[in-house]
J.: 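Okay, here's the structure, questions in a sec.
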2 protein chains.
Amino acid sequence: MEQILNTNARAVLEYLRGTYSHPTAMDVYEAVRQSKPRIGLATVYRILHSLAESGLIRELEGFEGVRYDANTNRHDHAICTACGALLDVPLDIALSEESLLEAARTTGLKLSSHEVRIYGRCASCQERDKS
Amino acid sequence: MEQILNTNARAVLEYLRGTYSHPTAMDVYEAVRQSKPRIGLATVYRILHSLAESGLIRELEGFEGVRYDANTNRHDHAICTACGALLDVPLDIALSEESLLEAARTTGLKLSSHEVRIYGRCASCQERDKS
DNA sequence: ATGGGTGCAAATCCTTTGCATCTGC
DNA sequence: GCAGATGCAAAGGATTTGCACCCAT
């Protein structure tokens, strides 16, 4: 599957797979530039879109802009309301199957997935509060 | 509380309170223009930000751009993966208090709120599929 | 007269596009 | 030599900012 990717695309994918942060396109560009100094930002955008389209990565919207994530398994997110930090939740937040189906029914949605977002202050912002 | 708002701000808030759609800043601008033809887009942005900051409205990120919502009660959203439509879920999707707290604990977040997003095809996109 | 709010235009930021060039086959 | 991928620069769209002006106090 991945062997059809060219060297630039592979560098992008590898960078994403090697980080737990949720980089923006610009972050990816800056990181990949180190091994591919001649790559352009437009190419990074093109690669990110095609990787997302082929399902190898996920595009996360709504956390101060668009971010990319190589973890394509369904998972939940924690967002700091103070600094905007975005963390993966390392466990599935359990929800009632029933009310999920009920929500789909009342909205007319043919359910394919869901995500829970939890909001609050992250550890470092709580630290900062104390001082 | 709201009496401290000037007439432009009140027009924006009233428009938002009177719609179930989730308008973008541009939508708000175009709507409010009808009663306030001399208002500028920059002013609409300024008002939206200050209303959001004072908690009178909510700013929703991550649905093909930023949208505004006068419904400040905690609620969940349904998103169409085909057309991007965004709907409020008219009931609370139940989730396990325990796993919510567990998620907060493992991420170090001081929990203040949460949101469930359900994804799938909306009714009209399902219709469209049939033809 | 003073300060905040406003319109307008310019600036910024992020992303996409056009196009000529390069690359691998 | 060709098709697709790329870099670069320009274009686009959304949002923010600078600034002069206006209005209510």
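The chains referred to below are lettered A, B, ... by the order of the sequence lines, with proteins before strands, and numbering in each begins at 1.
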J.: Output the rounded distance in Å from CD (A/Glu61) to C1' (C/dC14).
T.: 13 Å
J.: For B/Leu5 and C/dG5, what is the distance between atoms CG and C1' respectively, to the nearest whole Å?
T.: 13 Å
J.: Considering all heavy atoms of both residues, which atom of B/His22 and which atom of B/His77 are nearest to each other, and what is their separation?
T.: NE2-NE2, 4.0 Å
J.: Within this structure, what is the OH-to-C1' distance between B/Tyr29 and D/dT16, rounded to whole angstrom?
T.: 15 Å
J.: Of the nucleotides D/dT6, C/dG7, D/dC8, which one has an atom closest to the side chain of B/Arg38?
T.: C/dG7
J.: Between A/Asn8 and D/dT6, is there a contact of a side-chain N or O with OP1 or OP2 at under 4.0 Å?
T.: yes
J.: Just by distance, do the side chain of B/Asp92 and the backbone of B/Ala94 share a donor-acceptor pair under 3.5 Å?
T.: no
J.: Can you tell me the distance, in whole Å, between the CD atom of B/Glu30 and the P atom of D/dG13?
T.: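 Atom-to-atom, B/Glu30 to D/dG13, this comes out as 14 Å.
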J.: Expressed in angstrom and rounded to an integer, what is the separation of A/Leu48 atom CG from D/dT6 atom C1'?
T.: 15 Å
J.: Spell out protein contact along nucleotides 15-23 of chain C as letters: B when the base is contacted, S when just the sugar-phosphate is, - when no protein heavy atom is under 4.0 Å; keep the 5' to 3' order.
T.: BBBB-----
J.: Between C/dG24 atom C1' and A/Arg10 atom CZ, what is the distance in whole Å?
T.: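 Distance check: A/Arg10 CZ to C/dG24 C1' gives 14 Å.
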J.: Salt-bridged, A/Arg67 to A/Asp27, with N to O below 4.0 Å?
T.: no
J.: Using the rule that Ile, Leu, Val, Met, Phe, Trp and Tyr join whenever any side-chain heavy atoms are under 4.5 Å apart, tell me whether A/Tyr29 and A/Leu56 fall into a single cluster.
T.: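 Hydrophobic grouping puts A/Tyr29 with A/Leu56.
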J.: For B/Tyr15 and B/Val28, work out which heavy atoms get closest and say how close.
T.: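 That would be CE2-CA, 3.9 Å.
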J.: Would you mind telling me which of B/Leu13, B/Asn71, B/Asp69 makes a side chain to side chain contact (heavy atoms under 4.5 Å, CB included) with B/Ile57?
T.: B/Leu13
J.: For C/dG24 and A/Asn6 - does any side-chain N or O of the residue sit under 4.0 Å from the phosphate oxygens OP1/OP2?
T.: no
J.: To the nearest Å, give me how far apart CZ (A/Arg67) and P (C/dC14) are.
T.: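 Interatomic distance, CZ of A/Arg67 to P of C/dC14: 11 Å.
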J.: Keeping the roles fixed (side chain from B/Gln126, backbone from A/Gly108), state whether a donor-acceptor pair exists under 3.5 Å.
T.: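 It does hold such a pair.
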J.: Atom CD of B/Glu64 to atom P of D/dT15: distance rounded to whole Å?
T.: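 In whole Å, D/dT15 P and B/Glu64 CD are 13 Å from each other.
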